[in-house]
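A short write-up of the structure that comes next.
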Amino acid sequence: MTDVSGGSEPAVRVSKLGYVQFTTPDVDRLVDYYTKVLDFQLVEQAPQGAFLTTGFDHHSVVISQGDTRGRSVVGYEIWGSVADAERRLRAAGYEVERRSDIGPGMSEALVLTEPSTGVPLHLYEDQDRSGVDGYTPLRPTKLGHVAAFTPELSTLQQFYEDLLGFSWSDTVGDFFVFLRCNADHHAANFMASTKLDGMHHVAYEMRDPAHLITLLDHLAKENYRLIWGPGRHGPGHNLFTYHKDPDGNTVELFTQLDVMHDDNKGYWEPRPWHESFPLFPRTWEVDLATVNIWGPVNPELLDH
Ligand SMILES: [Fe+2]
């Protein structure tokens with residue numbers, strides 16, 4: 001599978017991944033994990049849940065009461081106005097709801113349902129500032145990407161490209177697609193599966209390898225052990241580690257993700273660890289070097 005975009009103007013242009021929501025039977029436990037283990041800042045407790053941030057935006061993670069589910073909502077910031085997005089999405093045949101009661105930190109959002117997964121997506125213009133000043137030595141710099149299973153990969157890829165303005169970045173085999181909405185290699189990735197559903201993993205960006213190691217030492221002190229990594233992925237070339245949060249959601253901490261500074265040139269900013277120069281978006285073989293250039297594989301994270 002390659003770029004399935006029709007080439008026409010998308011209805012909306014997403015500018016960044018804003019937030020992800022988790023539902024959990026134990027809100028306090030997950031808030032504890034995010035604040036004490038990952039060093040996020042709790043900005044606000046509201047009827048909709050606990051709102052936490054990595055710094056700049058009012059929130060990058062929302063934790064609310066319910067059955068255990070990662071990626072129960074995904075919020076995307078868009079270029080242009082919510083009013084334009086509403087009009088264009090309706091014209092493209094999508095049901096959208098404009099709401100001003102989404103929660104604190106945002107004036108209004110368009111709510112629509114992600115095809116094939118049923119996950120609500122929130123599209124919004126901007127968030128309030130969190131008021132959190134600066135960065136601590138541990139805290140991740142931002143929410144990087146959320147990966148999910150889908151029973152209909154090409155439908156979902158087409159939706160993200162044609163409706164939300166994402167670009168194709170890479171595919172592994174015929175089952176794992178990486179999509180970007182800005183220079184970062186991927187903000188959304190989807191794995192085809194008729195067996196599994198829901199979130200595959202959520203990923204937070206670290207400044208550099210030293211920052212990542214500092215947080216890994218902190219995780220160990222808090223008795224969180226890695227289930228995979230450190231290693232380096234083929235697609236995106238990010239240095240990665242994976243562990244589980246208290247709900248069993250898979251959490252990736254990463255750094256050195258590929259970036260595309262110039263879409264007209266169309267290749268990833270060259271890095272010493274690339275396989276070829278220049279390196280363009282491509283379809284990768286399903287082999288060990290694709291999954292982890294450095295070596296070991298955790299088969300659980302490839303199951304689909
Ligand atoms: Fe990832």
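All values derive from a computational prediction rather than experimental measurement. Start at 1 and go down the list; that is how both ligands and their atoms are numbered.
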Exercise for the section: May I ask you to say whether D247 pairs ionically with R69, meaning some side-chain N is under 4.0 Å from a carboxylate O? Expected result: no
Practice task
For the Fe ion (ligand 1), find the closest N/O/S atom on E252 and give its atom name.
Solution key: OE1
Practice task
Go through F190 and F178 one step at a time and tell me if the ring pair (Phe, Tyr, Trp, His ring centres under 6.0 Å) criterion holds.
Solution key: CA-CA 7 Å; F190 296 105; F178 298 76; over 10 Å; no
Handout entry: H186 N/O/S atom closer than 2.8 Å to the Fe ion (ligand 1)
Key = no
Exercise for the section: Using a strict cut-off of less than 4.0 Å between a Lys/Arg side-chain nitrogen and an Asp/Glu carboxylate oxygen, indicate whether R29 and D32 qualify as a salt bridge. Expected result: no
Handout entry: NE2 (H145) - the Fe ion (ligand 1) - NE2 (H201) angle, nearest 10°
Key = 100°
Handout entry: Short N/O/S contact of H233 with the Fe ion (ligand 1) (below 2.8 Å)
Key = no
Problem - Aromatic ring proximity, centroids under 6.0 angstrom, W268 and H274 - result: no
